[in-house]
Amino acid sequence: MDKTDLAYAAGIMDGEGWISFLHCGKERKSLSLTVAVSNTNILLLQWFKSSFGGNAYLARDGCGTNKKDVYTWGI
């Protein structure tokens, strides 16, 4: 991947993404890291999947008038 693609991904991550750490397990001694982006453009999230791995899925159905489906890519 070239620098332009990495810069594009960083910009999308800055505007549409998030990074979270969650405590896991019974005793909450381990951490789980999530890196994700949500957007209404599934092609963008499929590009993230093909570039970085992970999964892209329908996160919220855009039921109702003038509402779009929202997709999430995460790893």
Side-chain angles (χ1 to χ4, degrees):
M1 178 175 292
D2 65 19
K3 288 182 181 182
T4 302
D5 286 341
L6 287 174
Y8 178 71
I12 296 296
M13 190 68 206
D14 183 43
E16 307 289 330
W18 70 94
I19 299 171
S20 66
F21 291 96
L22 300 174
H23 287 282
C24 304
K26 259 185 176 175
E27 298 178 20
R28 299 176 52 101
K29 290 185 177 180
S30 62
L31 286 174
S32 172
L33 170 67
T34 301
V35 178
V37 174
S38 289
N39 198 281
T40 58
N41 184 342
I42 186 63
L43 296 177
L44 171 66
L45 302 178
Q46 288 172 342
W47 176 80
F48 267 85
K49 180 180 176 180
S50 67
S51 298
F52 302 105
N55 193 21
Y57 57 92
L58 178 64
R60 188 177 65 231
D61 187 337
C63 58
T65 49
N66 298 325
K67 294 187 179 180
K68 295 181 179 180
D69 291 341
V70 176
Y71 302 93
T72 296
W73 162 83
I75 193 167

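In this structure, W73 contributes its side chain and G53 its backbone to a donor-acceptor pair below 3.5 Å.
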Requested in this report: Under the side chain to side chain contact (heavy atoms under 4.5 Å, CB included) rule, what do V35 and W18 come out as? Steps first, then yes or no, please.
Outcome: CA-CA 6 Å; V35 178; W18 70 94; over 6 Å; no
Query raised in the report: Can you check side chain to side chain contact (heavy atoms under 4.5 Å, CB included) on T34 and I19, steps first, answer last?
Result: CA-CA 6 Å; T34 301; I19 299 171; over 6 Å; no
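Counting only heavy atoms from C-beta outward, the side chains of L45 and K49 never approach each other to under 4.5 Å. Using a 4.5 Å heavy-atom threshold, the side chains of N41 and Y71 count as separate. Taking the side chain as every heavy atom from C-beta outward, E16 and S38 never approach each other to under 4.5 Å. V37 places a side-chain heavy atom less than 4.5 Å from the side chain of M13. A heavy-atom distance below 4.5 Å is not found between the side chains of V70 and N39.
In terms of heavy-atom proximity, I42 sits nearest to A56 at CD1-CB, 4.5 Å.
Residues forming a side chain to side chain contact (heavy atoms under 4.5 Å, CB included) with D14 (at least two apart in sequence, or on another chain): none. Scanning for side chain to side chain donor-acceptor pair (under 3.5 Å) contacts around T40 gives an empty result, with sequence neighbours left out. Judged as a side chain to side chain contact (heavy atoms under 4.5 Å, CB included), and not counting sequence neighbours, the contacts of A59 are Y57, T72. Evaluation of the ring pair (Phe, Tyr, Trp, His ring centres under 6.0 Å) rule for F52 yields F48 as partners, not counting sequence neighbours.
In the hydrophobic clustering of this structure, L22 does not group with L33; members are Ile, Leu, Val, Met, Phe, Trp, Tyr whose side-chain heavy atoms approach within less than 4.5 Å, directly or through other members.
Put simply, OG on S51 and CD on Q46 are 11.5 Å apart, with the number rounded to the nearest 0.5 Å.
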